[in-house]
There are 2 protein chains.
Amino acid sequence: MAERGDLGWLLGASLRAYMEGAERAVAPIPFGYKGYMVLSAVRRFCPGTQLELGRRLAIDKTVMTHVIDALEEAGLVTRRPGPADRRARRVALTAAGEEALQAAVERLAAEERRLLGGVPVAVRDQLVEGLTYLAEKGGSGPECGEVSDCSVS
Amino acid sequence: MAERGDLGWLLGASLRAYMEGAERAVAPIPFGYKGYMVLSAVRRFCPGTQLELGRRLAIDKTVMTHVIDALEEAGLVTRRPGPADRRARRVALTAAGEEALQAAVERLAAEERRLLGGVPVAVRDQLVEGLTYLAEKGGSGPECGEVSDCSVS
DNA sequence: TATTGTTATACTCTATAACTATA
DNA sequence: TATAGTTATAGAGTATAACAATA
C-alpha cells in the first residue's frame with residue numbers, strides 16, 4: 001500500500017479489487033467468500049473433519065465452527081459424527097450446497113474474466129505462476145497431503 | 001483461498017506470506033506496515049494533509065489520526081497547521097523519521113529479494129505488471145493527482 | 001454552511017481460554 | 001492424558017457519529 005508499486009501495496013490493492021467482485025459473486029452463501037472457501041474445500045477434500053478443513057484454509061477451528069453452523073443452518077452442508085472417531089465430525093455438501101457452490105463458481109469465474117479481461121494471457125499465466133510461488137513460500141499448510149478417494153453418499 | 005489456484009486464494013496467501021516478512025522488516029515503526037506506509041507516503045507526497053494521505057493509502061481519517069499520533073509521539077513526524085488553511089495540518093518527516101524510513105525500506109527490499117529469490121526475472125516482471133493492472137481496476141484512489149513540489153524544511 | 005481533524009463509540013473479525021465429549 | 005469441537009470472552013482493527021475549530 002505504501003508507495004504504489006511496492007509489492008505489499010500491489011498485493012493489498014489487488015486483493016481488495018478482487019474481493020470487491022468476489023463477495024458480490026458469492027453473495028448468497030453465508031459468511032461470503034469465507035463460506036464459499038469452506039464449501040469448496042468440503043467438495044474437494046470430501047469427508048474432511050473441521051480441523052482438517054481449517055488447516056487447509058488457514059481458518060481457526062473456532063471460526064470454522066461458526067461458518068459451518070451457518071452453512072448447516074442454510075441447508076448447504078451436513079455435519080455428522082465420524083464412523084471411526086465420533087469426535088471428528090464429517091462435513092458433507094447437500095444437494096442444495098452443491099448447487100449453491102456451482103452457481104458461485106460460475107459467477108466467480110465470470111468475475112475473474114471481467115477483472116482479468118485486459119490482461120494478456122501470457123502475463124496472466126506468469127501472474128498466477130508468481131503468486132503460486134509466493135503463496136507456497138508462506139506457511140499456509142505445507143503439511144497438507146493430497147486428497148484420497150471421494151464418494152459422497 | 002478456496003481451491004488453491006483460485007485467484008482469490010493465491011492473492012490472500014501471497015499477501016500473508018509477504019506480510020509475515022514485511023511486518024518483521026518494519027518492526028520498529030509504530031503501527032507496523034501501516035505506519036511504514038504512512039511514513040513512505042509522507043516522504044513521497046511531502047506536505048500532504050492527513051485527509052489526502054488517507055485517500056492515497058485507502059486509510060480512514062480516524063485511523064490516520066491514531067497512526068500519526070503514534071508516529072509523532074515516536075518523533076518520526078511533525079504535525080503543524082497549514083499556512084493557508086489552519087484546519088489542514090501538514091505532516092512532515094523529522095530527521096529520525098527519514099532514518100527510520102530509510103532503514104525500513106532497506107530491510108523491506110532485502111525481504112522482497114529473499115521472498116522473490118527463486119522467481120525468474122521475467123516472471124517477476126509480469127507478476128508486477130499483472131498486479132498493477134488488478135490494483136488499478138480497484139477503486140483505491142483513482143482521483144489522486146501527481147506530486148507537486150517537495151522541499152521539506 | 002461545509003470541511004479538517006479529533007474523540008468516543010460500536011461493530012467486525014479473529015484469537016484465547018475454558019469446557020464437553022470422546023478417545 | 002490427549003484430541004475434536006463448542007462456547008464464551010477478549011482482543012485487534014476498522015468504521016460510524018458527534019463534536020471542535022476553521023473556512
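Lettering of chains follows the sequences in order, A, B, ..., and the numbering in each one begins at 1.
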*asked:* Measure CG/Asp69(B) against P/dT4(C) and give the value in whole Å, please.
replied: 18 Å
*asked:* Looking only at the side chain of Arg87(A) (C-beta and beyond, no hydrogens), which of the listed nucleotides dA8(D), dT14(C), dA23(C) gets closest?
replied: dA23(C)
*Judged by atom type as modelled, is there a donor-acceptor pair below 3.5 Å linking the side chain of Tyr36(A) to the main-chain atoms of Ile29(A)?*
no
_Nearest-neighbour nucleotide for the Lys61(B) side chain, dT4(C), dT22(C), dT7(D) considered_ = dT4(C)
*Could you check how far NE2 of His66(A) sits from C1' of dA8(D), rounded to whole Å?*
9 Å
*Answer yes or no: is there an ion pair linking Arg55(A) with Glu52(A), defined by an N-O contact shorter than 4.0 Å?*
no
*Which one, dT22(D), dG5(C), dT7(C), comes nearest to the side chain of Arg86(B)?*
dT22(D)
*Can you tell me if the side-chain N/O atoms of Arg79(A) get under 4.0 Å from OP1 or OP2 in dT6(D)?*
yes
_dT6(C) phosphate, OP1 or OP2, under 4.0 Å from Thr65(B) side-chain N/O_ = yes
*asked:* Check this one for me: any side-chain N or O of Arg89(B) less than 4.0 Å away from OP1 or OP2 of dT22(D)?
replied: no
*What nucleic acid atoms does Asp60(A) come within less than 4.0 Å of, heavy atoms only: base, sugar-phosphate, or nothing?*
base
*asked:* Measuring from the side chain of Val63(A) (C-beta onward, heavy atoms only), which nucleotide among dG5(D), dT14(C), dT16(D) has the closest atom?
replied: dT14(C)
*asked:* Hydrogens and angles aside, do Tyr18(A) and Glu111(A) bring a side-chain donor and acceptor to less than 3.5 Å of each other?
replied: no
_Rounded distance in Å - CG (Asp85(A)) to C1' (dA21(C))_ = 10 Å
